[in-house]
Each structure stands twice: as C-alpha cells, then as structure tokens.
Amino acid sequence: MNRRSIGNQRDLKHSNFSRMLSTLQREGLASKSDLARLLGLSIVTVTKICDSLIEKGYCRYSEQMESTGGRRPTGVEFIPQSKFIGVAD
C-alpha cells in the first residue's frame, strides 16, 4: 500500500468520524440504520464509528427506539456535556 492511499484512508476515516459526530449533535438521537442512510455509510462502518465515539465519551447507546416494523432499533445519542469542538472546512 502506498503512502497516498494510506493518507486518503486516514482522511476518509476522519471525515466519516466528524460527519457522524456532527449528525448526532444535530439530531440528538438516531438509530445506526438512520445514520447509515443519512451519511451513505455501511452499517458496519457506522457501528465501528459509534463504538469509537462511545469509547471517547462523545456518545452513548440509549434506550431502544420506536420500531417501524421488526426489531426495535437501539438509539445512539450525542452527550451534550462531552468536550466536542466543532471544526468547519
């Protein structure tokens, strides 16, 4: 793997992390499937980012949300008291 693709992967990961955090800050509460749809990411990617955000203390899994049919989704919510600093491009 060359240096350019490593940088691009790192940039993409950072971008997805930032977009997810901004979306959760704006929405307050969302399911992983909603986040995947809003951000155009796979459920696996959303889950990995959510786990990272939770580990860093920015978000938490919340109570199960209302079902639209099938299994009730677990919500992910932004923690307003977290030390998140927004950066705009």
Side-chain angles (χ1 to χ4, degrees):
M1 193 175 275
N2 65 35
R3 298 185 120 230
R4 182 177 207 126
S5 65
I6 292 171
N8 289 340
Q9 286 177 333
R10 194 174 324 132
D11 292 345
L12 181 60
K13 191 174 187 177
H14 177 74
S15 173
N16 288 340
F17 185 93
S18 296
R19 290 174 51 223
M20 173 96 63
L21 189 54
S22 295
T23 300
L24 284 168
Q25 185 180 24
R26 183 180 63 248
E27 299 293 323
L29 174 67
S31 69
K32 288 189 275 186
S33 59
D34 288 339
L35 290 167
R37 185 178 36 76
L38 286 168
L39 299 170
L41 301 172
S42 72
I43 291 290
V44 172
T45 299
V46 167
T47 299
K48 287 179 181 179
I49 296 170
C50 284
D51 290 345
S52 179
L53 289 171
I54 289 167
E55 183 181 307
K56 293 177 186 329
Y58 296 126
C59 299
R60 64 178 160 236
Y61 286 120
S62 69
E63 299 176 16
Q64 290 187 332
M65 300 173 67
E66 196 65 35
S67 175
T68 58
R71 185 175 14 169
R72 292 176 61 189
T74 299
V76 180
E77 66 181 331
F78 178 73
I79 300 171
Q81 299 82 12
S82 67
K83 297 176 182 173
F84 169 66
I85 298 173
V87 177
D89 286 334

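Only this structure's heavy atoms are used, side chains among them; waters, hydrogens and symmetry mates stay out. These numbers were taken from a predicted model, which means no experiment stands behind them.
Distance check: Asp51 CG to Tyr61 OH gives 4.0 Å after rounding to the nearest 0.5 Å. Here His14 contributes atom NE2 and Arg10 contributes atom CZ; the two are 11.5 Å apart, rounded to the nearest 0.5 Å. Between the CZ atom of Arg60 and the CG atom of Leu29 there is a distance of 10.0 Å, given to the nearest 0.5 Å. Within the model, atoms CG of Leu35 and CG of Asn16 stand 12.0 Å from one another, a figure rounded to the nearest 0.5 Å. Within the model, atoms CG of Leu39 and CD1 of Ile49 stand 7.5 Å from one another, a figure rounded to the nearest 0.5 Å. Atom NZ in Lys48 sits 8.0 Å away from atom OG in Ser42 (nearest 0.5 Å).
Side chain of Thr23 to backbone of Arg19: a donor-acceptor contact under 3.5 angstrom is found. In this structure, the side chain of Thr47 engages the main chain of Ile43 through a donor-acceptor pair within 3.5 Å.
Here the closest non-hydrogen pair linking Tyr58 and Phe78 is O-CD1, 3.6 Å. Shortest non-hydrogen contact noted between Met20 and Cys50 is SD-SG, 4.3 Å. A pairwise comparison of heavy atoms in Ser62 and Val76 identifies OG-N, 4.2 Å as the closest pair. Across all non-hydrogen atoms, the minimal contact from Leu24 to Cys59 is CD1-SG, 3.5 Å.
Note on Arg37 versus Asp34: salt bridge recorded, some NZ/NE/NH1/NH2 to OD/OE distance being below 4.0 Å.
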